[in-house]
2 protein chains.
Amino acid sequence: MSTAEETAGGDAQAWGEVTPDAARRLLIAAVEAFAERGYHATTTRDIAGRAGMSPAALYIHYKTKEELLHRISRIGHQKAVEILRTASRREGTARERLADAVSSFVRWHAGGRTTARVVQYELDSLGPDARAEILALRRQCDDEVRGIIEDGVAAGEFDVLDVKGTTLAVLSLCIDVARWFNVDGPWTPDEVGALYADLVLRMVGEKQPSPGGQR
Amino acid sequence: MSTAEETAGGDAQAWGEVTPDAARRLLIAAVEAFAERGYHATTTRDIAGRAGMSPAALYIHYKTKEELLHRISRIGHQKAVEILRTASRREGTARERLADAVSSFVRWHAGGRTTARVVQYELDSLGPDARAEILALRRQCDDEVRGIIEDGVAAGEFDVLDVKGTTLAVLSLCIDVARWFNVDGPWTPDEVGALYADLVLRMVGEKQPSPGGQR
DNA sequence: GGCCATGCTAAGCGCCCGCTCACCCTCGGC
DNA sequence: GCCGAGGGTGAGCGGGCGCTTAGCATGGCC
């Protein structure tokens with residue numbers, strides 16, 4: 001479950017896999033710019049400037065501005081699938097696996113908000129082909145979470161009326177964290193992760209009694 | 001509680017208050033275009049074209065493209081506050097009021113998805129002054145929902161660990177409906193409203209036993 | 001040392017953006 | 001019949017956009 005290993009700042013995620021050093025700097029610059037202003041409001045000059053390069057340098061490493069978004073989106077979604085798959089495939093009760101999935105997924109959205117925001121909200125700026133590829137990854141996210149909930153229902157741990165709808169609501173809740181989470185706000189990513197894991201367990205009918213105090 | 005009176009199509013909401021007829025047509029065209037492509041990817045030529053007018057006509061009724069977004073945002077947020085306030089101030093238990101608030105708020109986001117999408121997701125395309133004005137309206141939404149939850153906790157109806165966090169999660173869940181809801185999908189706005197009201201009641205510790213069948 | 005591949009820049013092309021301006025209908029009041 | 005105001009248009013402005021191209025510095029290899 002590990003605490004949030006990547007905080008804000010440069011959002012130094014697993015961009016390590018992006019190999020020419022300049023290409024990685026450009027990609028990180030693009031993530032920041034897209035997250036701040038949105039894909040369409042970001043100019044290639046802005047991206048290059050943040051990376052400390054001339055506008056033309058961008059086109060040595062990427063064919064178009066859209067390719068940047070595509071690459072960011074794919075890497076981000078792969079990370080999302082990995083997080084959910086790891087939680088889904090670990091040992092434990094459905095209850096434990098669901099809590100793990102939600103808390104780590106939320107922590108990723110809150111801690112790497114810059115990245116998550118681009119990944120989750122700039123999707124329809126992609127062309128049809130790239131979008132289709134990304135949507136396939138999203139369906140995998142869906143499948144992992146639904147799998148856990150189905151397991152819990154089958155094992156009698158959960159009490160769920162509409163598995164498909166509940167799956168969607170759980171994912172929706174986690175994803176929307178990227179929209180509202182504020183680094184300077186009252187919560188840490190870990191706190192939101194814990195809160196949300198509790199809320200989701202309640203949603204699937206696994207209501208643990210509150211230990212006492214309310215706030 | 002009323003069923004969804006306004007479905008998709010022209011999204012014929014309460015734009016009735018926009019008075020010169022041409023100004024209203026332009027505003028509705030802008031809502032559709034912003035919802036489809038986003039604010040920055042929409043051109044003034046596109047908006048005018050959808051309204052059946054020349055590009056210049058836009059500037060007779062609105063000073064800038066941003067003023068269009070501002071007007072849309074304000075009207076939409078006023079509607080959102082009104083929906084939540086109506087549910088909050090009706091008679092009934094906190095349980096009934098919260099279910100009412102969530103189901104009607106969700107129905108608005110699903111049924112008038114075009115409008116809701118613009119209202120909820122194009123907010124930071126506004127300038128600082130306009131954004132501040134809209135954020136005040138959002139805080140009112142927050143207050144209404146938190147009020148209901150606080151009432152429920154005080155009355156012993158709800159079992160909530162973190163009132164502020166739960167309020168945020170409830171609103172987040174409802175708002176995100178505008179992102180994923182699809183008119184051609186498997187659910188009607190009413191169905192999503194009912195499902196979400198159930199899920200939210202579970203989140204606040206008001207777990208009613210499932211009437212039997214699951215899925 | 002000569003050579004070229006690589007990585008980058010300065011300059012700029014062509015396009016389309018938000019927005020403006022000069023002008024034109026239409027229609028109610030007298 | 002004439003006038004003026006309000007709602008509309010066609011043409012086009014300045015500028016910034018995504019992207020290209022010609023040329024320059026570097027450094028590894030023979």
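Letters A, B, ... mirror the listed sequences (proteins, then strands); counts begin at 1.
- Contacts between residues 56-67 of chain A and DNA chain C, defined by a heavy-atom separation under 4.0 Å, are made by Ala56(A), Ala57(A), Ile60(A), His61(A).
- Ring geometry for Phe105(A) against His109(A) counts as perpendicular: the plane angle is over 60°, on a 0 to 90° scale with 30° as the lower cut.
- Rounding to the nearest 0.5 Å gives a distance of 9.5 Å between CD of Glu67(B) and CG of Leu58(B).
- Arg45(A) places no side-chain N or O within 3.5 Å of a backbone atom of Pro55(A) that could act as its donor or acceptor partner.
- Between the side chain of Glu191(B) and the backbone N or O of Thr188(B), at least one donor-acceptor pair lies under 3.5 Å.
- Using a 4.0 Å cut-off, some side-chain N or O of Thr44(B) falls inside it from OP1 or OP2 of dG18(C).
- When the P atom of dC17(C) is taken as reference, atom CG of Leu68(B) falls 16 Å away, rounded to whole Å.
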* **From CA spacing to verdict: salt bridge (Lys or Arg N to Asp or Glu O under 4.0 Å), Arg139(A), Asp143(A)** => CA-CA 6 Å; Arg139(A) 243 168 281 124; Asp143(A) 291 343; over 6 Å; no
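- Note that CG of Leu84(B) and CG of Leu171(B) are 6.5 Å apart. Values are rounded to the nearest 0.5 Å.
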Let me check something: any side-chain donor-acceptor pairs from residues 174-184 of chain B under 3.5 Å, sequence neighbours excluded? List them with distances.
from	atom 1	to	atom 2	distance (Å)
Asp176(B)	OD1	Tyr121(B)	OH	3.1
Asp176(B)	OD1	Arg179(B)	NE	2.8
Asp176(B)	OD2	Ser172(A)	OG	2.6
Asp176(B)	OD2	Arg179(B)	NE	3.4
Asp176(B)	OD2	Arg179(B)	NH2	2.7
Asn182(B)	OD1	Asp184(B)	N	3.0

What donor-acceptor contacts under 3.5 angstrom involve side-chain atoms of residues 130-138 of chain A, with partners at least two apart or in another chain?
from	atom 1	to	atom 2	distance (Å)
Glu133(A)	OE1	His70(A)	NE2	2.8
Glu133(A)	OE1	Arg74(A)	NH1	3.4
Glu133(A)	OE2	Arg74(A)	NH1	3.0
Arg138(A)	NH1	His77(A)	NE2	3.2
Arg138(A)	NH1	Gln120(A)	OE1	3.4
Arg138(A)	NH2	Gln120(A)	OE1	2.7

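- Taking every nucleotide of DNA chain D with any atom under 4.0 Å from a non-hydrogen atom of chain B, the first and last of them, 5' to 3', are dG8(D) to dG12(D).
- Shown here are the side chain to side chain donor-acceptor pair (under 3.5 Å) partners of Arg89(B), two or more places apart in sequence or in another chain: there are none.
- One can place CZ of Arg45(B) at 15 Å from P of dC15(C), the figure rounded to the nearest angstrom.
- Per the geometry, CZ belonging to Arg37(B) stands 14 Å off C1' belonging to dC16(C), to the nearest Å.
- Inter-axis angle, ends of the helix from dG1(C)-dC30(D) to dC30(C)-dG1(D), five pairs per end, rounded to 10 degrees: 10°.
- A distance-only check finds no donor-acceptor pair linking the side chain of Tyr196(A) to the backbone of Ala99(A) [under 3.5 Å].
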